[in-house]
2 protein chains.
Amino acid sequence: MGITIKDIAKFAGVSATTVSKIINNKDENISDATRQRVLDLMKEYNYVPNKIAKSLVTKKTNTIGLVIPDIRNPFFPELARGAEDRANEKGYNIIFCNTDDDAEKEEKYINMLVEKMVDGIVFTASSRRGSEFNKGNKFSVPIVVVDRDIDIEGIKGKVTVDNFIGGYQGTKHLLDLGHREILFLSGPLKSKTSINRLEGYKKALKEFNVDFDEEYVIEGNYKSQWGYEAVKNIGNKIKYTALFCGNDLIAIGAIKALKEMKLKVPDDVSIVGFDDIYMSSLIDPELTTIRQPNYEMGYKAIDILIDALENKEKNVKKIDLIPQLIIRKSTLKR
Amino acid sequence: MGITIKDIAKFAGVSATTVSKIINNKDENISDATRQRVLDLMKEYNYVPNKIAKSLVTKKTNTIGLVIPDIRNPFFPELARGAEDRANEKGYNIIFCNTDDDAEKEEKYINMLVEKMVDGIVFTASSRRGSEFNKGNKFSVPIVVVDRDIDIEGIKGKVTVDNFIGGYQGTKHLLDLGHREILFLSGPLKSKTSINRLEGYKKALKEFNVDFDEEYVIEGNYKSQWGYEAVKNIGNKIKYTALFCGNDLIAIGAIKALKEMKLKVPDDVSIVGFDDIYMSSLIDPELTTIRQPNYEMGYKAIDILIDALENKEKNVKKIDLIPQLIIRKSTLKR
DNA sequence: CTGAAAGCGCTAACAC
DNA sequence: GTGTTAGCGCTTTCAG
């Protein structure tokens, strides 16, 4: 603050242009003597280049917006960190925004980000939205969508997890273990995410010649509290020996309810979660789950975005990461 | 992008100044007719004001840097969310940075933030640092320190938790329950945080006329893995009926080790954690712990920072939040 | 090798 | 009520 490129130029007896070139390593044609003098002066006066001014002329802020529902949701810290790491490696910073799955907030934030001239946005859409994001022609920032599959006009990329495979893997694992009555505790079936997992579940059942029964699919939300309540509500109205949960939080809630009902996991009921959040390996019993590569998702999303930004990639890049079955202690042979 | 204030001015047949005034609600002296015309035009052409340009002249970006060790550490999402919420309420955005407790990264990030002209920084210092942050005269951004108590030249505020009280509360709870052999599984005793908790522990002991024994303090780090190992290593070399852990993660590791050693929590050993992270109420047994008001810390830190920014508060504001004993299921009468 | 000039999009006196 | 002018700190032709 205070000392500018002009000051340095004056002190060094050169023009601002020269200093600018040196700062930006466009100094092939600058004599070593001049360069050294300028560099020394910059150090001496503790010169800090003003990127805002630079951005104004270059139209590039090296800042990316990360729009997620809520960083407190254990799903997102990993993703955010992956995003931040890649951004940092490439010389970008991340502005993060919590939308609480609220469409209004989403638009408000995106607007703010556009005003601040972010170079692009990585966006996890509200699970309450349908699969269309009606931005219309309103914004024009490059966007990469992550985790939740959604269509946005002019989108630059999509990084999702193959939820179909995940749903299939989890169910198959349970079937392999001999389970046949497998309850599916699903998140909101409005989102493609949940729907695809359910499809995977059906596919596995079919492979094992187990009839699909609608009663075995319970729709709720992605919170631990709901998992708890769902299990309690079901009681023994439905007979089951295994639970496939829409995410780990639901699984954790379910385990708690089961314990209270004096049912043992995995002895009485096997449980498979989805996500592999941080705490899943820390709870008792350690949770068998489908690991989502969250860190990688954030990392890749930023990677694709920056690639689109810097190399003017025109084609939309879609990546479907493969989730992985992590077998721990919450599932057992029937 | 594309359409600027000048364009709008031209379309409306007024000067850019007039449009600027309208945008910024400094329009007491603008006729309703003009205002309406301009407003309509802005909407029609989907005008997005360029805050970068604005920042360049006002020297204010309405952006704040949040520098923390690692968003994946369950301690920080809450804090980050509190910070973001307050920032958002006040019309600011947050750039977040993960330093991995690495002093070099810290400085690199702060540098980047200064270059981007953030209005201020909220900073959680590395636990590996001593209590002095040798910025020297290098930077000049307003800084508010959060969580970790550290002295920085020209600091604008400090938001910490009273760890002494926390240490006291946890230990007293155990003493009240009849425990006398209380192991203290501490984080790195280099930081004031840990030291103060230990002091609280001693104070409580003293009040109950229990002699302090150095052997009962084990120094490690704040990871669950360490809690696990510590308990395993101790085995029955030291006799204890209760564990007071430096944080919840340590406690979770300890519980796991204890289970493996066929010791029951809380029947055989009582455990108190520290932090009350998200998962603490979800594990088995639900953890008795000292709740740190993380959300509030982030919230307050931003609040103080913005206050200093906008009202030119000159005196350093220090807030010591009081932690709270949350009694759950991991402690029992001796 | 180096610099002069113009301009990025906006705001802030001050004048009318 | 509204416009003129100047300038924020930087980069970018283009000329020499």
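Because only heavy atoms are used, hydrogens play no part in the values below, and waters and symmetry mates are left out as well, while side chains stay in. Residue numbers start from 1 in every chain, and the chains themselves are labelled A, B, ... in the order their sequence lines are given, proteins ahead of strands. Quick caveat, the model's predicted, so the values are computed rather than measured.
Within a 6.0 Å radius of NZ in A:K60, other residues, nucleotides and ligands contribute more than 12 heavy atoms. Within 6.0 Å of atom NZ in B:K116, more than 12 heavy atoms from other residues, nucleotides or ligands are found, so the atom counts as buried in its surroundings.
Here A:I30 lies in heavy-atom contact (under 4.0 Å) with sugar-phosphate atoms only. Nucleic acid contact class of A:K21 (heavy atoms, under 4.0 Å, all strands): base. The residue A:K26 sits close only to the backbone: its heavy atoms come under 4.0 Å of sugar-phosphate atoms, none of a base.
The phosphate of D:dG9 (OP1 or OP2) has no side-chain N or O of A:T4 nearer than 4.0 angstrom. In terms of phosphate contacts, A:N50 brings no side-chain nitrogen or oxygen within less than 4.0 Å of OP1 or OP2 of D:dC8.
Separating the CG atom of B:D32 from the C1' atom of D:dG1 is a distance of 12 Å, rounded to the nearest angstrom. In this structure, B:I52 atom CD1 and C:dG9 atom P are separated by 12 Å, rounded to whole Å. Across the protein-nucleic acid pair, A:K6 atom NZ and C:dA6 atom C1' stand 12 Å apart, rounded to whole Å.
For B:T17 against D:dT4, a side-chain-to-base donor-acceptor contact under 3.5 Å is present. For C:dT2, the base has no donor-acceptor partner in the side chain of A:T34 [N/O atoms by modelled type, under 3.5 angstrom]. Between the side chain of B:S20 and the base of C:dA12 there is no donor-acceptor pair of N/O atoms closer than 3.5 Å.
In the set C:dT2, D:dT12, C:dC10, the nucleotide with an atom closest to the side chain of A:T18 is C:dT2. Listed candidates were D:dG9, D:dC8, C:dC1. Nearest to the side chain of A:S31 is C:dC1. For B:N29, taking side-chain heavy atoms from C-beta onward, the closest of the listed nucleotides D:dT2, D:dC10, C:dC10 is D:dT2. Comparing D:dT11, C:dG9, C:dA12 by their nearest atom to the side chain of B:T58 picks out C:dA12.
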